[in-house]
Undergrad: 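Please see the structure below; I have some questions.
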There are 2 protein chains.
Amino acid sequence: MTDETTIVRNTRQRAAVRDLLADCEGFHSAQDLHAILRERGERVGLTTVYRTLQGLADAGEIDVMRPPGGEHLYRRCSEGHHHHLVCRDCGRTVEVEGPAVETWAQRVAGKHGFVDVSHTMEIFGTCPECAAARS
Amino acid sequence: MTDETTIVRNTRQRAAVRDLLADCEGFHSAQDLHAILRERGERVGLTTVYRTLQGLADAGEIDVMRPPGGEHLYRRCSEGHHHHLVCRDCGRTVEVEGPAVETWAQRVAGKHGFVDVSHTMEIFGTCPECAAARS
DNA sequence: GCGCTTTTGACAATCATTACCAATATCGCG
DNA sequence: CGCGATATTGGTAATGATTGTCAAAAGCGC
């Protein structure tokens, strides 16, 4: 336990979680993923799902989003880092990219001497359809 | 029910929460604020603090930040909208402004037809001191 | 195969937030 | 000014996601 032990052993459970994330494109909660694994017949404990997701998140292999609802959502980290535009009403999500934002965040953090920088950004609004339905 | 029932009555409790937020510059959790009110002798229920904060947040009078820790943090909304650079280790927070980000968010959301746009952004990193201490 | 270590996982614990609902305070109005 | 309808309060219970615990089981180096 002296060195930074991340994930040192390959286990059936971790593989299951990884595979599942590879299959599911969008965001899913830990509880969600656990339920899906159960349905598939994979026997993985809820605790393990949480731990694995945390590990993967720490390792930067997956993204975490924390919507106002309270549940954390995890997603396989696609190469292109991008952000989310979420409709307040229907929950529809659009993925958007913002290279300018990335560099801005890096620059600002660097200016204050911060290192190992990451960031989260979410844009909320009302999508055209909901706005129309709202009358 | 056609009209948005926001806050229709002025009560001692709501005033207390507002005043408190006016005093405290930084971010505070609901539980925090409640404890402070208690110490001050103001008798305000925890439930009411939560409700009031939610109302104020909805009305756009205060900002909400949701750090990884899980506790929601509320802050009196200063006129200049700005974001936060948070140290992962010591929790030190630096306020940063990014006009470019604001306009970018608006533009991107608008491009997708979204209206009534708001956004949240947080930058995480390791501050110089913690980075040094980390060796 | 052996043994040391990591990992698992069922369950309990934690903890912020929300629901409930009777008691209370507010405010318009006569 | 007082009354009454109604918004609001607040103690407590419920909710529900996440984390802690720790004995049992599984990996991996040899």
Side-chain angles (χ1 to χ4, degrees), chain A residues 1-21 27-59 61-75 120, chain B residues 1-20 27-59 61-75 88 91:
Chain A
M1 274 284 276
T2 38
D3 66 320
E4 303 288 325
T5 5
T6 46
I7 297 181
V8 297
R9 284 185 191 177
N10 279 337
T11 65
R12 175 179 55 77
Q13 291 88 341
R14 285 209 252 254
V17 174
R18 271 177 201 239
D19 288 352
L20 181 53
L21 283 168
F27 277 97
H28 295 275
S29 70
Q31 314 257 353
D32 239 0
L33 294 170
H34 177 243
I36 296 174
L37 286 173
R38 269 288 172 81
E39 279 188 18
R40 287 196 181 183
E42 304 271 4
R43 327 187 88 265
V44 181
L46 178 57
T47 308
T48 302
V49 173
Y50 273 104
R51 264 190 308 236
T52 304
L53 289 173
Q54 263 178 25
L56 290 172
D58 284 350
E61 291 191 37
I62 59 177
D63 281 343
V64 187
M65 187 169 86
R66 15 177 52 274
E71 235 175 347
H72 294 192
L73 301 181
Y74 302 89
R75 180 195 56 168
T120 65
Chain B
M1 59 248 298
T2 33
D3 67 312
E4 303 286 324
T5 338
T6 47
I7 298 180
V8 297
R9 283 184 192 178
N10 280 337
T11 65
R12 174 179 54 78
Q13 291 89 340
R14 285 207 252 255
V17 174
R18 271 176 203 239
D19 288 352
L20 181 54
F27 276 97
H28 295 276
S29 70
Q31 314 257 353
D32 240 359
L33 295 169
H34 177 244
I36 296 173
L37 287 173
R38 269 287 171 82
E39 279 188 17
R40 285 196 181 183
E42 304 270 4
R43 327 188 84 268
V44 181
L46 177 58
T47 307
T48 302
V49 173
Y50 272 104
R51 264 190 308 237
T52 304
L53 288 173
Q54 261 177 27
L56 290 173
D58 285 349
E61 291 191 38
I62 59 176
D63 281 343
V64 187
M65 187 170 82
R66 14 177 53 276
E71 234 174 348
H72 293 193
L73 301 181
Y74 302 89
R75 180 195 58 166
R88 269 196 211 85

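In this text, all values refer to a predicted model and were calculated from it rather than measured experimentally. Numbers restart at 1 for each chain; the letters A, B, ... are given by sequence-line order, proteins then strands.
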Undergrad: Which of residues 30-49 of chain A have a heavy atom under 4.0 Å from DNA chain C?
TA: A:Arg38, A:Arg43, A:Val44, A:Gly45, A:Thr47, A:Thr48

Undergrad: For C:dT17 and B:Gln54 - does any side-chain N or O of the residue sit under 4.0 Å from the phosphate oxygens OP1/OP2?
TA: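 Negative; the distance criterion is not met.
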
Undergrad: Rounded to whole Å, please give me the gap between OH in B:Tyr50 and P in C:dT17.
TA: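 After rounding, the gap between these two atoms is 4 Å.
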
Undergrad: If I take atom NE2 in residue A:His28 and atom P in nucleotide D:dA17, what distance separates them, rounded to the nearest angstrom?
TA: 16 Å

Undergrad: Give a yes or no on this: more than 12 heavy atoms of other residues, nucleotides or ligands lie within 6.0 Å of atom CZ of B:Arg12.
TA: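 Check passes, neighbour count above 12.
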
Undergrad: Taking B:His34 for the side chain and B:Val44 for the main chain, is one N or O donor matched with an acceptor at less than 3.5 Å?
TA: yes

Undergrad: Quick one: do B:Leu20 and B:His28 satisfy side-chain contact (heavy atoms from CB on, under 4.5 Å)? Show the steps, please.
TA: CA-CA 10 Å; B:Leu20 181 54; B:His28 295 276; over 6 Å; no

Undergrad: Identify the residue among A:Ile36, A:Leu46, A:Val49 that makes a side-chain contact (heavy atoms from CB on, under 4.5 Å) with A:Gln31.
TA: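 Result for side-chain contact (heavy atoms from CB on, under 4.5 Å) with A:Gln31: A:Leu46.
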
Undergrad: Between P on D:dA17 and CG on A:Leu53, what's the gap in Å once rounded to a whole number?
TA: 14 Å

Undergrad: Using atom NE2 of B:His72 as one end and atom P of C:dC15 as the other, report the distance to the nearest whole Å.
TA: 16 Å

Undergrad: Apply the test side-chain contact (heavy atoms from CB on, under 4.5 Å) to residues B:Thr52 and B:Gln13: give CA-CA distance (whole Å), side-chain angles for both, the deciding distance (0.1 Å), then the verdict.
TA: CA-CA 8 Å; B:Thr52 304; B:Gln13 291 89 340; 5.7 Å; no

Undergrad: Side-chain contact test, heavy atoms from C-beta onward, threshold under 4.5 Å: evaluate it for A:Asn10 versus A:Arg14 and give yes or no.
TA: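 Of all side-chain heavy-atom pairs linking A:Arg14 with A:Asn10, none is under 4.5 Å.
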
Undergrad: In the 5'-to-3' direction, what one-character label does each nucleotide of nucleotides 22-30 of chain D receive under the scheme B = base within less than 4.0 Å of a protein heavy atom, S = sugar-phosphate only, - = no such atom?
TA: ----BBS--

Undergrad: Minimum heavy-atom separation for A:Leu21 and A:Tyr74, please, with both atom names.
TA: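 The pair with the smallest heavy-atom distance is CD2-O, 4.5 Å.
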
Undergrad: Considering all heavy atoms of both residues, which atom of A:Leu53 and which atom of A:Ile62 are nearest to each other, and what is their separation?
TA: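 Smallest interatomic distance, heavy atoms only, reads O-CD1, 3.4 Å.
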
